[in-house]
Amino acid sequence: QLSAVLIPAEEGGVVAVNPETGTTNNGESVEEALANLREATELYLEEFPLRLHGKPLLTTFEVASRAA
C-alpha cells in the first residue's frame, strides 16, 4: 500500500505524486490521475524495488505567510 498526494493543476486536471518513489503523473480527473500514477509507479518498482518500513502517515500543516 502506497500513498498519493493529489494537487489541482494550474492548467486544469490533477497532478498525482507518490512520495515513497517520487513518481508523478497527471489526469483530467482524480480517477485518471490515480490510474496513471499507479501505472507509472508499477513500472518504476519493476526497476527499483521498494522496501517499506511500515504504513505511511499523511498529515497537513500550515505555515505563516509573510507580506512582501
Side-chain angles (χ1 to χ4, degrees):
Q1 184 177 21
L2 299 174
S3 56
V5 177
L6 304 172
I7 306 163
E10 191 173 313
E11 63 279 356
V14 178
V15 175
V17 180
N18 172 246
E20 292 89 353
T21 62
T23 53
T24 304
N25 218 309
N26 61 6
E28 292 299 316
S29 65
V30 168
E31 294 79 12
E32 183 181 9
L34 285 173
N36 292 341
L37 179 63
R38 182 177 296 110
E39 182 179 356
T41 303
E42 287 171 353
L43 291 171
Y44 176 88
L45 291 174
E46 286 178 9
E47 292 292 320
F48 307 101
L50 185 63
R51 292 184 185 177
L52 295 176
H53 305 286
K55 287 186 170 185
L57 171 64
L58 301 178
T59 188
T60 61
F61 64 95
E62 294 183 27
V63 296
S65 62
R66 297 183 187 196

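Owing to the predicted nature of the structure, the values given are computational and were not obtained by experimental measurement.
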If you measure from CD on E42 to CG on L2, what distance do you get to the nearest 0.5 Å?
10.0 Å
Give a yes or no on whether L6 and V17 share a hydrophobic cluster (residues Ile, Leu, Val, Met, Phe, Trp, Tyr; joining criterion: side-chain heavy atoms under 4.5 Å apart).
no
Heavy-atom closest pair (A33 atom, A16 atom, distance to 0.1 Å) is O-CB, 3.8 Å
Rounded to the nearest 0.5 Å, what separation is found between the CG atom of N18 and the OG1 atom of T23?
4.0 Å
Determine the minimum heavy-atom distance between L37 and A4, stating which atoms define it.
CD2-CB, 3.8 Å
Side-chain contact test, heavy atoms from C-beta onward, threshold under 4.5 Å: evaluate it for E46 versus L43 and give yes or no.
yes
Taking all non-hydrogen atoms of both residues into account, name the closest pair between V14 and S29 and its distance.
CG2-C, 4.1 Å
Closest heavy-atom pair, S3 versus E20, reported as atoms and distance to 0.1 Å, is OG-OE2, 2.8 Å
Mind listing the closest non-hydrogen atom pair of N36 and N26 along with its distance?
ND2-O, 2.7 Å
Can you find a pair of side-chain heavy atoms, one from V63 and one from F61, that are under 4.5 Å apart?
yes
